[in-house]
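For the numbers below, each heavy atom of this structure counts, side chains included, while hydrogens, waters and symmetry mates do not.
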Amino acid sequence: MLNDTITHAERELYLTLLELAQQQPSAYKWLTQLPTWLNAIKDKANYAHAPAYQASVVRLPDLTIDKVSLDSDILTIDAALTDSERKQTTALLKQLMPWRKGPFQIGRSQANNSQSSSEKSEPIFIDTEWHSDWKWQRVAPHLGTLKGRRVLDVGGGSGYHGWRMAGAGADTVIIIDPSCLFYHQFMAIRHFVGSADAHDTGRYRTHYIPVPLEALPEHSQLFDTVFSMGVLYHRQSPFEHLQQLRGQLIKGGELVLETLVVEGDANTVLVPHDRYAQMNNVYFLPSVAALIGWLEKVGFTEVRCVDVAVTSTHEQRKTDWMSYHSLADFLDPNDATKTIEGYPAPMRATLIAKK
């Protein structure tokens, strides 16, 4: 039997935006474009793998879920899995590889497993390329409260951080990312999360719109907090990206910006000639001082850098769930402080600012 996870999640998104539009008329522009956005991500003409991804999600089995932990480093869906359910679920989730942002666990550890020995099955651990929990640990202590807030997560990937935002008490989380694969990975996890993130009214709190930031109506001013983590360096026009982020915030709202940076003064910006760590879509890597100046130039205030961390090959690495090349392959084999092209190795800064 096929499940209706995607259909139900999209209906919940529509109803959430409809309720929001009754308070904030700018949300009506989102509602008018929503059918186009959702249809486009499933169109085989746009995404050749879309039908296969959708088929994997709708064939996921319905499990008896005892608990969902959205506030733990490993986003855990506690369920008693039979061996058959484990094999079926694993096979379907592996059809949605590569899994880059996580980790996730579906099932129950043996210590908490009350099934008979003949029925016990190990949990499914989706060991993603990135330890996204490490980034959240660096960012979370510096945030203003997320409780009761409306949050936008730009470039949210599989949705791991969006789920963590819901786990931190956000009233509504909208994740955006134009990736067809990531959209269906989110829906796969949504299938097992079910209504665990719902309000008392039953309305879901965590949603996904498969579009880039520039597709959203400008100056919506709908969100108390906007996250942009791992996106800015992919933008050919970083100032336009910052202006678009600012336009989604309410007055007094908080921006959380995480991006690649380099050492240097307020005038230092690295523009890779060709590739950076084998990525051909990296355009600008400013120093922290330069980035602060950029944020102030577009109108943000109270700008502060709360964390700087060099990305390690323990945080980003090849796994059974992401079997392609990863960071270790992109660094100089003789000098891990440099990329294979000779640039400084990836270093990420997190800045927080107010509108």
Side-chain angles (χ1 to χ4, degrees), residues 46-50 52-53 56 73-75 90-105 124-138 153-161 175 177-186 188-189 210 212 228-236 258-263 270-285 308-350:
N46 298 327
Y47 304 97
H49 296 293
Y53 293 156
S56 295
D73 289 340
I74 301 172
L75 195 154
T90 300
L92 291 169
L93 293 175
K94 289 224 166 185
Q95 290 177 15
L96 298 175
M97 286 172 59
W99 286 79
R100 297 192 182 275
K101 303 294 176 69
F104 304 95
Q105 179 171 295
I124 301 165
F125 180 58
I126 304 177
D127 188 13
T128 49
E129 177 188 17
W130 282 89
H131 261 295
S132 303
D133 50 321
W134 293 9
K135 181 180 293 188
W136 189 250
Q137 289 167 11
R138 293 194 296 266
D153 183 18
V154 177
S158 66
Y160 173 85
H161 288 123
I175 304 158
D177 195 302
S179 166
C180 180
L181 175 61
F182 295 161
Y183 181 69
H184 288 93
Q185 287 176 348
F186 170 85
I189 299 301
S228 171
M229 300 193 291
V231 179
L232 183 66
Y233 51 88
H234 291 311
R235 307 264 51 90
Q236 293 184 27
E258 190 261 11
T259 190
L260 290 171
V261 295
V262 293
E263 298 282 359
L270 170 63
V271 182
H273 178 68
D274 185 13
R275 292 174 178 263
Y276 174 85
Q278 288 296 289
M279 294 182 285
N280 63 1
N281 61 345
V282 173
Y283 298 99
F284 297 93
L285 281 70
V308 177
V310 174
T311 305
S312 75
T313 53
H314 297 292
E315 183 171 0
Q316 183 189 7
R317 73 274 190 259
K318 184 186 303 185
T319 74
D320 289 342
W321 292 81
M322 204 301 293
S323 56
Y324 304 114
H325 288 168
S326 191
L327 179 60
D329 303 294
F330 307 146
L331 298 178
D332 184 330
N334 300 312
D335 184 356
T337 67
K338 296 179 180 179
T339 69
I340 201 166
E341 303 87 1
Y343 296 118
M347 178 170 65
R348 295 171 177 270
T350 301

Problem set entry | Thr311/Leu327 under side chain to side chain contact (heavy atoms under 4.5 Å, CB included): CA gap, chis, key distance, verdict | CA-CA 9 Å; Thr311 305; Leu327 179 60; 3.8 Å; yes
Exercise. Side chain to side chain contact (heavy atoms under 4.5 Å, CB included) between Trp99 and Gln185: does it pass, once the steps are laid out?
Worked result: CA-CA 8 Å; Trp99 286 79; Gln185 287 176 348; 3.7 Å; yes
Exercise. Is it true that a side-chain atom of Glu341 and a backbone atom of Gln278 form a donor plus acceptor pair closer than 3.5 Å?
Worked result: yes
Exercise. Strictly by modelled atom types, are Ser56 and Gln95 linked by a side-chain donor-acceptor pair under 3.5 Å?
Worked result: yes
For this session: Output, in order, the C-alpha distance, side-chain angles, deciding distance and verdict of side chain to side chain contact (heavy atoms under 4.5 Å, CB included) for Ser228 and Glu258.
Result: CA-CA 6 Å; Ser228 171; Glu258 190 261 11; over 6 Å; no
Problem set entry | Heavy-atom side-chain proximity of Leu93 to Trp321 below 4.5 angstrom | yes
For this session: Kindly indicate whether the side chain of Glu315, heavy atoms from C-beta on, has any atom under 4.5 Å from the side chain of Ser312.
Result: yes
Exercise. Is atom CG of Asp329 surrounded by more than 12 heavy atoms (other residues, nucleotides or ligands) closer than 6.0 Å?
Worked result: yes
Exercise. Under 3.5 Å, is there a donor-acceptor pair between the side chain of Thr319 and the main chain of Asp127?
Worked result: yes
Exercise. Can you find a pair of side-chain heavy atoms, one from His234 and one from Val282, that are under 4.5 Å apart?
Worked result: yes
Seminar exercise, completed: On a heavy-atom basis, the closest approach of Pro344 and Tyr276 is O-OH, 2.8 Å
Problem set entry | Residue pair Tyr343 / Arg275, side-chain donor-acceptor N/O under 3.5 Å | no
Seminar exercise, completed: Tightest non-hydrogen contact, residues Thr337 and Asp335, listed as OG1-OD1, 2.6 Å
For this session: Determine whether Lys135 and Arg348 make a side-chain contact, defined as any pair of heavy atoms from C-beta on separated by less than 4.5 Å.
Result: yes
Seminar exercise, completed: When rounded to the nearest 0.5 Å, the distance separating CD1 of Ile340 from CG of Asn334 is 10.0 Å
Problem set entry | Nearest heavy-atom neighbours spanning Val262 and Leu285 | CG2-O, 3.4 Å
Exercise. Is there side-chain contact between Met322 and Arg317, with heavy atoms separated by less than 4.5 Å?
Worked result: no
Exercise. Do Val310 and Pro346 come within less than 4.5 Å of each other through their side chains, counting heavy atoms only?
Worked result: no
Exercise. Heavy-atom count around Gln137 CD within 6.0 Å, excluding the residue itself: above 12?
Worked result: yes
For this session: Say whether Asp177 and Ser179, considering side chains only, have a donor N or O and an acceptor N or O under 3.5 Å apart.
Result: no
For this session: Would you name the heavy atoms of Ala336 and Leu331 that are closest together and state the gap between them?
Result: O-CD1, 4.0 Å
For this session: Taking Ser158 for its side chain and Lys101 for its backbone only, find out whether a donor-acceptor pair lies under 3.5 Å.
Result: yes
Exercise. Can you check whether Trp134 reaches His314 side chain to side chain, under 4.5 Å on heavy atoms?
Worked result: yes
Problem set entry | Atom of Cys180, atom of Tyr53 and distance for their closest heavy-atom approach | SG-CD1, 3.8 Å
Exercise. Quick one: do the Ser326 and Glu129 side chains pair a donor with an acceptor below 3.5 Å?
Worked result: yes
Exercise. Any side-chain heavy-atom pair from Phe104 and Tyr160 closer than 4.5 angstrom?
Worked result: yes
Problem set entry | Trace of the side chain to side chain contact (heavy atoms under 4.5 Å, CB included) decision for Glu263 with Met347 | CA-CA 9 Å; Glu263 298 282 359; Met347 178 170 65; 3.9 Å; yes
Problem set entry | For Leu181 against Met97, the heavy-atom pair lying closest together | CD2-O, 4.0 Å
